[in-house]
Amino acid sequence: MMKPIEIAQLSKTYRGKRGRKVEALRGLSLSVSEGEVFGFLGPNGAGKSTTIKTLVGQIKPSSGRALLFGDSVAAPKARRKVGYLPENPSFYDFLTAREYLDLAGRAFGMDAALIESESDRVLNALNLADASQRPIRGFSKGMVQRLGLAQTMLHNPDLYILDEPMSGLDPVGRALVKDLILELKSQGRTVFFSTHVIADVEAICDRVAIIAQGELRAENAVSDIIAEGIEGYHVRLSQTPPSEFNDFLEKGLPEKTGDLYVPRQQFNAFMRQVDQSGCTINLLEPKRKSLEDFFLRIIA
Ligand code: ADP
């Protein structure tokens, strides 16, 4: 099976002002598998938008390869199965949301009946049905962003390439978009999105790539990062801990409660001791470094 996204040794050098060169991408390689939600993280200026614009054929790379479902991004065919949300989308604002989707649907070669039914579907999904007959001019930034997402879903693509999809949304809008991405995943579709909001990645991504200065710094399963980040466990026992537990506890035995903190390295031995002592654990909670710590360490 062809991967939805395959990038190999991708480089892009912009010619800036007065011939100054900007190396936005330096030999970036990564691939995204079918059905994955893939987060593309990096600080401002890291090269995220450049990568995304290359993937959707808006800019030509200086060297390297970018394929969508096995087709070069230079071939229009490659983009047919893709829904693309640009950063800060903007539309002809004299159109209503429905008129805009109508235009987009025709650009995808959909017939009128299909455009109508699919417009209903995506307007409902993005909570825009009530506003569908209003000119975009009067839309809030969050509504414009949601209309952009509605448009990416109109032709039911298999791959979604979203540049900062959560930006400009209020908490309700963010939750809506997160749920939508998870729903697309449950349908077996692939979502690749850039963000600098790490919490969004933690909540919905299977894998994450971190880039900085146009280079890949890390590519990991989010579950691995989270597991690696476990520093220890908060344990609540049903009774006062026996004194031999002291050996396992960084901070010593608690004064009154059965609440303990066990560092990760001690955890297996601690559990054996719990077993022998006949104590009961009422609560066990991992204490972990956040993805944020991981990110900051990687880009530092
Ligand atoms: P990100 O999306 O991660 O913030 P970009 O891909 O937008 O990063 O930018 C990467 C680098 O390329 C930055 O240093 C940016 O200033 C530069 N850059 C982006 N677009 C252009 C352009 N059209 N001309 C010159 N430099 C550019």
Side-chain angles (χ1 to χ4, degrees), residues 5-32 36-68 73-74 79 82-90 141-142 144-145 148-149 152 159-169 173-174 177-178 181 191-220 222 225 289-300:
I5 297 180
E6 195 132 29
I7 293 171
Q9 289 300 319
L10 199 66
S11 293
K12 174 69 182 179
T13 304
Y14 292 109
R15 314 251 158 227
K17 288 194 187 96
R18 283 176 255 116
R20 201 173 60 91
K21 287 185 185 172
V22 181
E23 284 185 78
L25 294 178
R26 312 171 200 226
L28 184 72
S29 301
L30 59 87
S31 65
V32 179
E36 266 186 331
V37 177
F38 195 102
F40 194 40
L41 269 171
N44 287 333
K48 301 183 296 295
S49 289
T50 301
T51 306
I52 286 182
K53 284 181 190 156
T54 305
L55 283 173
V56 298
Q58 275 188 3
I59 60 174
K60 266 179 64 178
S62 308
S63 63
R65 221 159 45 119
L67 307 177
L68 299 176
V73 293
R79 267 160 277 153
V82 178
Y84 166 50
L85 177 74
E87 193 177 12
N88 304 317
S90 63
K141 184 162 187 308
V144 170
Q145 186 78 1
L149 276 159
T152 67
L159 169 63
Y160 296 77
I161 297 178
L162 313 174
D163 201 346
E164 298 276 356
M166 260 75 96
S167 86
L169 296 177
R174 293 179 103 82
V177 171
K178 282 187 196 173
I181 290 177
V191 181
F192 178 83
F193 73 96
S194 71
T195 181
H196 55 265
V197 183
I198 297 159
D200 293 341
V201 169
E202 201 158 5
I204 58 175
C205 291
D206 300 303
R207 278 201 304 143
V208 57
I210 297 174
I211 68 165
Q213 294 171 323
E215 289 173 342
L216 187 73
R217 294 288 170 85
E219 191 180 359
N220 292 79
V222 171
I225 299 173
K289 284 202 203 96
S290 64
L291 196 57
E292 185 123 15
D293 294 330
F294 177 78
F295 176 73
L296 290 172
R297 217 162 4 101
I298 294 287
I299 63 164

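Remember, predicted model here, so these are calculated numbers, not experimental data.
Between Arg79 atom CZ and Tyr84 atom OH the span is 11.0 Å, to the nearest 0.5 Å. Interatomic distance, Asn88 CG to Ser167 OG, rounded to the nearest 0.5 Å: 5.5 Å. The distance from the CG atom of Leu159 to the CG atom of Leu55 is 8.0 Å, given to the nearest 0.5 Å. Remark: Asn220 CG to Asp206 CG distance equals 13.0 Å, nearest 0.5 Å. One finds the CZ atom of Arg207 at 11.0 Å from the CD1 atom of Ile225 (value rounded to the nearest 0.5 Å). Atom-to-atom distance recorded for Phe40:CZ and Asp163:CG is 9.5 Å, nearest 0.5 angstrom.
The number of heavy-atom neighbours closer than 6.0 Å to CD of Glu202, taken from other residues, nucleotides and ligands shown, is above 12. Within 6.0 Å of NZ in Lys60 there are 12 or fewer heavy atoms belonging to other residues, nucleotides or ligands.
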Walk me through whether Arg65 and Glu6 qualify under salt bridge (Lys or Arg N to Asp or Glu O under 4.0 Å).
CA-CA 8 Å; Arg65 221 159 45 119; Glu6 195 132 29; 5.7 Å; no
Where do Ile52 and Phe192 land on the side chain to side chain contact (heavy atoms under 4.5 Å, CB included) test, with the steps shown first?
CA-CA 9 Å; Ile52 286 182; Phe192 178 83; 4.0 Å; yes
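In this structure, the side chain of Lys48 engages the main chain of Gly42 through a donor-acceptor pair within 3.5 Å. Ser194 contributes a side-chain N or O that, together with a main-chain N or O of Glu164, makes up a donor-acceptor pair within less than 3.5 Å.
Side chains of Ile59 and Tyr14 form a contact here, defined as non-hydrogen atoms less than 4.5 Å apart. Annotation: side chain of Leu41 is in contact with side chain of Thr195 (closest heavy-atom distance under 4.5 Å). Between Ile204 and Val191, every side-chain heavy-atom pair lies at or beyond the 4.5 Å cut-off.
The minimum heavy-atom distance linking Arg217 with Gln213 is given by the pair NH2-OE1, 3.2 Å. The two residues Leu169 and Arg174 have their closest heavy-atom pair at O-NH1, 3.6 Å. Shortest non-hydrogen contact noted between Leu162 and Gly83 is CD2-O, 4.5 Å. When every heavy atom of Gln145 is checked against every heavy atom of Leu85, the shortest pair comes out as NE2-CD2, 3.7 Å. Contact record, Ile210 with Phe294: CD1-CE2, 3.7 Å, taken as the closest heavy-atom pair. The nearest pair of heavy atoms linking Thr50 to Ala24 is OG1-CB, 3.9 Å.
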